[in-house]
Amino acid sequence: MSSYDAIYAVVRRIPKGRVATYGQVAELAGLPGQARLVGYALYRVDMQHPDIPWQRVVNAKGKISHSVFRHGTDYAQRSLLEAEGIHFTASARIDLSVYRWNPAET
DNA sequence: AATTTGACCATAA
DNA sequence: GTTATGGCCAAAT
């Protein structure tokens, strides 16, 4: 099992209506402080892990990460998050203090 | 086999 | 608010 697999598992565990930061996912995946790896991993994910709600993982600023691969679909995914009850601020950011996933409650 | 690359975060200036 | 820097891994070319 590679470190990436742990990351995928964690991301899959993010409950609906919640988001997690890269750093948080990294920590839960057993990669303390390696937020970067999460980003690296998620880039190559959906080719082999199409079920991962990658869009529920946001950066420390509470924003959705961009990628040329997504080619603008980030806008659509934002709507999906809103459908889950996640509210975006005027700056297109998420209130992490409110929607940040608390692994201890699930 | 070696090099490139790719969704980050925290700190400092 | 911005820009720069250091730290880390696996897959793709």
Side-chain angles (χ1 to χ4, degrees):
Chain A
M1 168 144 158
S2 52
S3 303
Y4 281 23
D5 292 329
I7 293 171
Y8 305 144
V10 171
V11 175
R12 238 196 275 266
R13 265 169 211 151
I14 300 175
K16 186 177 124 188
R18 287 300 163 106
V19 296
T21 65
Y22 285 93
Q24 183 181 6
V25 171
E27 204 171 321
L28 293 170
L31 305 165
Q34 301 303 344
R36 225 177 173 182
L37 301 187
V38 178
Y40 293 164
L42 289 182
Y43 168 73
R44 308 179 199 277
V45 148
D46 29 347
M47 299 203 219
Q48 35 193 12
H49 302 269
D51 352 11
I52 293 189
W54 54 270
Q55 203 66 301
R56 276 183 199 147
V57 184
V58 296
N59 60 26
K61 297 168 199 135
K63 265 190 154 172
I64 295 173
S65 305
H66 293 273
S67 129
V68 293
F69 182 61
R70 288 301 152 199
H71 186 56
T73 50
D74 56 309
Y75 181 79
Q77 292 296 348
R78 175 187 143 173
S79 299
L80 292 179
L81 292 178
E82 289 177 323
E84 294 183 353
I86 296 174
H87 168 72
F88 283 74
T89 67
S91 326
R93 293 193 306 197
I94 296 171
D95 285 333
L96 289 178
S97 52
V98 176
Y99 297 108
R100 191 163 175 267
W101 172 39
N102 179 355
E105 40 178 54
T106 59

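None of these values were measured; they are calculated from a predicted model. Per chain, numbering begins at 1; letters A, B, ... match sequence-line order. Below, each value reflects all heavy atoms present in this structure, side chains not excepted, and no hydrogens, waters or symmetry copies.
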(message) Using whole Å, what does the distance between atom P of nucleotide B:dA7 and atom CD of A:Q77 come to?
(response) 16 Å
(request) Answer yes if A:L80 and A:I94 sit in the same cluster of Ile, Leu, Val, Met, Phe, Trp and Tyr residues linked by side chain heavy atoms under 4.5 Å apart, and no otherwise. (result) no
(message) Measure OH/A:Y40 against P/B:dT4 and give the value in whole Å, please.
(response) 15 Å
(message) What's the gap between B:dA7 and C:dT13 when it is taken at their P atoms, as a whole Å value?
(response) 15 Å
(request) Could you tell me the separation between the NZ atom of A:K61 and the C1' atom of B:dA10, rounded to a whole number of Å? (result) 11 Å
(message) For DNA chain C, which residues of residues 9-33 of chain A approach it to below 4.0 angstrom with any heavy atom?
(response) none
(request) Could you tell me whether the side chain of A:D95 and the main chain of A:S97 form a donor-acceptor pair under 3.5 Å? (result) no
(message) Can you tell me whether the side chain of A:R36 and the base of B:dC9 have a donor-acceptor pair closer than 3.5 Å?
(response) no
(message) Does A:E27, at its CD atom, have more than 12 non-hydrogen atoms belonging to other residues, nucleotides or ligands within less than 6.0 Å?
(response) no
(request) Measure from NZ on A:K63 to P on B:dC9 and round the result to the nearest Å. (result) 13 Å
(request) Specify the residue among A:A60 and A:Y4 whose closest nucleotide of DNA chain B lies further upstream toward the 5′ end. (result) A:Y4
(message) Can you list, in residue-number order, the parts of residues 83-106 of chain A that come under 4.0 Å of DNA chain C, counting heavy atoms only?
(response) none
(request) Identify the heavy atoms of A:L28 and A:P103 that sit nearest to each other, and give their distance. (result) CD2-CG, 3.8 Å
(request) Taking all heavy atoms of A:L37 and all of A:Y4, pick out the closest pair and write down the distance. (result) O-CE1, 4.1 Å
(message) Rounding to an integer number of Å, can you tell me how far A:L37 CG sits from B:dA10 C1'?
(response) 15 Å
(request) Starting at atom CD of A:Q34, determine the distance to atom P of B:dA7, rounded to an integer number of angstrom. (result) 18 Å
(message) For A:R12, give me all partners under salt bridge (Lys or Arg N to Asp or Glu O under 4.0 Å), at least two apart in sequence or on another chain.
(response) A:D51
(message) Would A:Y43 count as stacking on B:dG6 if stacking means ring centres less than 5.5 angstrom apart and planes tilted under 30 degrees?
(response) no
